[in-house]
Amino acid sequence: MSRRTGAFAVWGEVALPATLTVADLRRDWAQHRAEVVFDCATAGPQRHAFEGPLLRDVVAATHPGFDPARRKERSRFLLSVTGGDGHHALLSWAEIDSDFGAAPVLLATRMDGEWLDGPGTQLVVPSDRCGARYVSGVTGVWIGAFRAPRSPEAGVTHASGRA
Ligand SMILES: Nc1nc2c(c(=O)[nH]1)N[C@H]1C(S)=C(S)[C@@H](COP(=O)(O)O)O[C@H]1N2
Ligand SMILES: [Mo]
């Protein structure tokens with residue numbers, strides 16, 4: 001069966017994976033507005049007005065596998081946002097976490113007054129100068145901890161404790 005139009009998965013190291021539509025994004029979370037300008041190497045600068053919930057609010061509802069009280073643990077998580085055409089971009093959880101970068105990244109429900117129910121939600125990264133992470137037609141948002149490869153230097157142990 002093909003996915004519902006505009007539906008996307010929120011999955012990974014989460015307790016409550018979800019399949020959401022643009023209608024869900026509009027109904028279940030506070031909507032924010034962002035007027036943005038981003039540059040594209042091929043198409044030049046573009047200006048758009050987006051509305052939608054904060055990515056961090058939507059992902060938090062799936063209960064990512066970190067202790068919300070432990071900032072150091074949260075700082076190890078990454079997100080990968082994928083479009084239907086295979087384009088995908090990474091963010092770090094710390095970029096959008098209100099205790100770290102607090103970037104107001106959106107999953108848009110509307111662009112320039114047009115609803116995105118048909119094309120699907122679009123990632124909006126107002127702090128980016130380049131348009132590459134404005135992933136459109138989002139089909140998946142993955143979140144999980146990044147585990148660095150072992151250092152070639154022997155005997156390096158992992159730090160622990162509170163940040
Ligand atoms: N799904 C998807 N989203 C994407 C891209 C893409 O190739 N696929 N290109 C990105 C780039 S490079 C830019 S500049 C912006 C705007 O691209 P557009 O002018 O093609 O909409 O969309 C971004 N979002
Ligand atoms: Mo671009």
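Start at 1 and go down the list; that is how both ligands and their atoms are numbered.
- Within 4.0 Å of ligand 1, heavy atoms belong to protein residues Phe38, Cys40, Gln46, Asp85, His87, Gly131, Ala132, Tyr134, Val135, Ser136.
- Of all heavy-atom pairs spanning Pro53 and Thr109, the tightest one is CD-CG2, 4.0 Å.
- Remark: Arg56 engages no residue in a side-chain hydrogen bond (donor to acceptor under 3.5 Å, both in side chains) (not counting sequence neighbours).
- Less than 6.0 angstrom separates the ring centroid of Phe66 from the ring centroid of Phe77.
- Counting only residues at least two apart or on different chains, the ring pair (Phe, Tyr, Trp, His ring centres under 6.0 Å) pairs with a member in residues 108-138 are Phe38-Tyr134.
- Within a 6.0 Å radius of NE2 in His88, other residues, nucleotides and ligands contribute 12 heavy atoms or fewer.
- Qualifying side chain to side chain contact (heavy atoms under 4.5 Å, CB included) partners for Arg27, counting only residues two or more places apart in sequence or in other chains: Asp24.
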